[in-house]
Amino acid sequence: ELRKEISTIRMELNGIKQLNAEWLSVASNVGQATEMPELKKNKSALAAIHVEMDEQRRRDKNVVVTGLAPVSGISDRDIFLQLCEDNLAVKPFVPDDSCCRRLGKVRNDRVQPLLVKLQSQVAAEEIVNCAPMLRKSCEESTKKNVFINRDLTPAAAFAAYQLRVQRRNRNSQVNRVSSLESENERG
């Protein structure tokens, strides 16, 4: 299984290297012919893409925990570590309290999401991959309300949302076709 994961990571890395080479090629072409209006637009788009990629790279080490309520007198770091200890197969290293902060404004009707900054992208991926274990928690509130996700940029979150919508539409179409087929077999 470890060999399979290493192989998958190598393939992803090769894909990233290939994309990077393609982007460098595009960037060098854009830089050579800046007098054309289309290329100026492309240069702006390319700059925006690089900003987005840098932002996502920075966020890759983070996870966002929703539904984890604060406890008076206990730091968010300690609450998060206890959640991992009790429910997950991984025990992340979170050096100090400054690595955990609540997102958004304080509201009485909602628990603020918790941003946790980890030491590496691998640590964040391990936690996200173990997050489904929360559904098997002994604590009912954890089982129903606590979720751990990647820290996505707004653009990445929107893209992920669009993919979920497409998948749901595709699945509902498949379900409709199979229900029609089963009705035809009966009728």
Side-chain angles (χ1 to χ4, degrees), residues 4-68 76-77 80 83-84 88 90 92-107 110-132 134 145-172:
K4 185 178 178 181
E5 287 182 39
I6 291 172
S7 174
T8 302
I9 291 171
R10 281 187 181 147
M11 288 179 5
E12 289 175 0
L13 182 60
N14 288 336
I16 291 170
K17 286 179 182 177
Q18 184 178 1
L19 284 174
N20 190 34
E22 291 172 9
W23 280 111
L24 289 174
S25 171
V26 169
S28 66
N29 291 338
V30 170
Q32 291 171 359
T34 56
E35 63 276 351
M36 293 197 274
E38 298 86 21
L39 289 178
K40 285 185 180 180
K41 288 179 188 175
N42 287 343
K43 197 171 187 177
S44 295
L46 187 61
I49 289 169
H50 278 286
V51 168
E52 177 72 17
M53 288 172 56
D54 288 343
E55 178 67 14
Q56 189 58 54
R57 214 173 288 122
R58 187 183 62 75
R59 291 175 179 234
D60 282 344
K61 296 179 184 180
N62 304 340
V63 294
V64 176
V65 185
T66 54
L68 186 62
D76 285 333
R77 173 186 171 268
F80 173 73
L83 173 79
C84 294
L88 302 180
V90 295
F93 175 70
V94 182
D96 56 47
D97 291 344
S98 69
C99 294
C100 296
R101 71 179 178 93
R102 295 285 172 170
L103 302 173
K105 296 179 182 177
V106 177
R107 289 176 37 183
R110 243 178 125 142
V111 175
Q112 289 173 274
L114 178 66
L115 175 71
V116 181
K117 296 179 181 182
L118 299 162
Q119 295 295 306
S120 69
Q121 180 180 354
V122 172
E125 286 176 9
E126 286 177 345
I127 290 173
V128 169
N129 290 339
C130 289
L134 293 171
N145 301 320
V146 179
F147 299 89
I148 302 175
N149 294 296
R150 290 177 170 80
D151 181 20
L152 299 176
T153 64
F158 182 70
Y161 167 74
Q162 288 179 321
L163 289 173
R164 286 193 305 274
V165 168
Q166 288 175 356
R167 187 177 61 238
R168 287 182 196 133
N169 289 340
R170 203 171 38 248
N171 289 342
S172 68

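Treat the numbers as computed from the prediction; the structure is a model and nothing was measured.
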Peer 1: Provide the closest heavy-atom pair for V116 versus F80 in the form atom of the first, atom of the second, distance.
Peer 2: CG1-CE2, 3.8 Å
Peer 1: Measure the spacing between CG of N171 and CD of Q166 and express it to the nearest 0.5 Å.
Peer 2: 11.5 Å
Peer 1: Would you check if V106 and Q112 make a side-chain contact, meaning some heavy-atom pair closer than 4.5 Å?
Peer 2: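 In contact.
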Peer 1: Charged N to carboxylate O under 4.0 angstrom, D54 versus R57?
Peer 2: yes
Peer 1: Nearest 0.5 Å, please: how far is CG in L115 from CG in N62?
Peer 2: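 That separation rounds to 5.0 Å.
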Peer 1: Which heavy-atom pair separates G67 from V111 by the least distance, and what is that distance?
Peer 2: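 Result for this residue pair: C-CG1, 4.2 Å.
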Peer 1: Mark yes when over 12 heavy atoms from residues, nucleotides or ligands other than R150 sit less than 6.0 Å from its CZ; otherwise mark no.
Peer 2: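 For R150, atom CZ is not crowded (no more than 12 foreign heavy atoms under 6.0 Å).
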Peer 1: Roughly how far apart are T153 OG1 and E52 CD, rounded to 0.5 Å?
Peer 2: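 T153 OG1 to E52 CD: 3.5 Å, rounded to 0.5 Å.
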Peer 1: Please report the closest heavy-atom contact between V146 and V65, naming both atoms and the distance.
Peer 2: CG1-CG1, 3.9 Å
Peer 1: Within this structure, what is the CD-CD1 distance for the pair Q56 and I49, rounded to the nearest 0.5 Å?
Peer 2: 14.0 Å
Peer 1: Checking R110 now: which residues fulfil side chain to side chain donor-acceptor pair (under 3.5 Å) with it, not counting sequence neighbours?
Peer 2: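 Side chain to side chain donor-acceptor pair (under 3.5 Å) check on R110 returns nothing, list empty.
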Peer 1: What is the distance from atom CG of L68 to atom CG of L83, rounded to the nearest 0.5 Å?
Peer 2: 5.5 Å
Peer 1: Check the pair V94, L118 against side-chain contact (heavy atoms from CB on, under 4.5 Å), reporting the backbone distance first and the verdict last.
Peer 2: CA-CA 6 Å; V94 182; L118 299 162; 3.9 Å; yes
Peer 1: So among L114, D151, I148, which one has a side-chain contact (heavy atoms from CB on, under 4.5 Å) with V63?
Peer 2: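 It is I148, the one option of L114, D151, I148 that forms the side-chain contact (heavy atoms from CB on, under 4.5 Å) with V63.
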Peer 1: What's the separation between atom CG in L88 and atom CG in N129, rounded to the nearest 0.5 Å?
Peer 2: 11.0 Å
Peer 1: Measuring only between side-chain heavy atoms, which start at C-beta, is P154 closer than 4.5 Å to F158?
Peer 2: no
Peer 1: Applying side chain to side chain donor-acceptor pair (under 3.5 Å) as the test, list every pair that has at least one member in residues 114-127; sequence neighbours left out.
Peer 2: Q121-E125
Peer 1: Run the side-chain contact (heavy atoms from CB on, under 4.5 Å) test against A160 and tell me which residues pass, sequence neighbours left out.
Peer 2: L152, R164
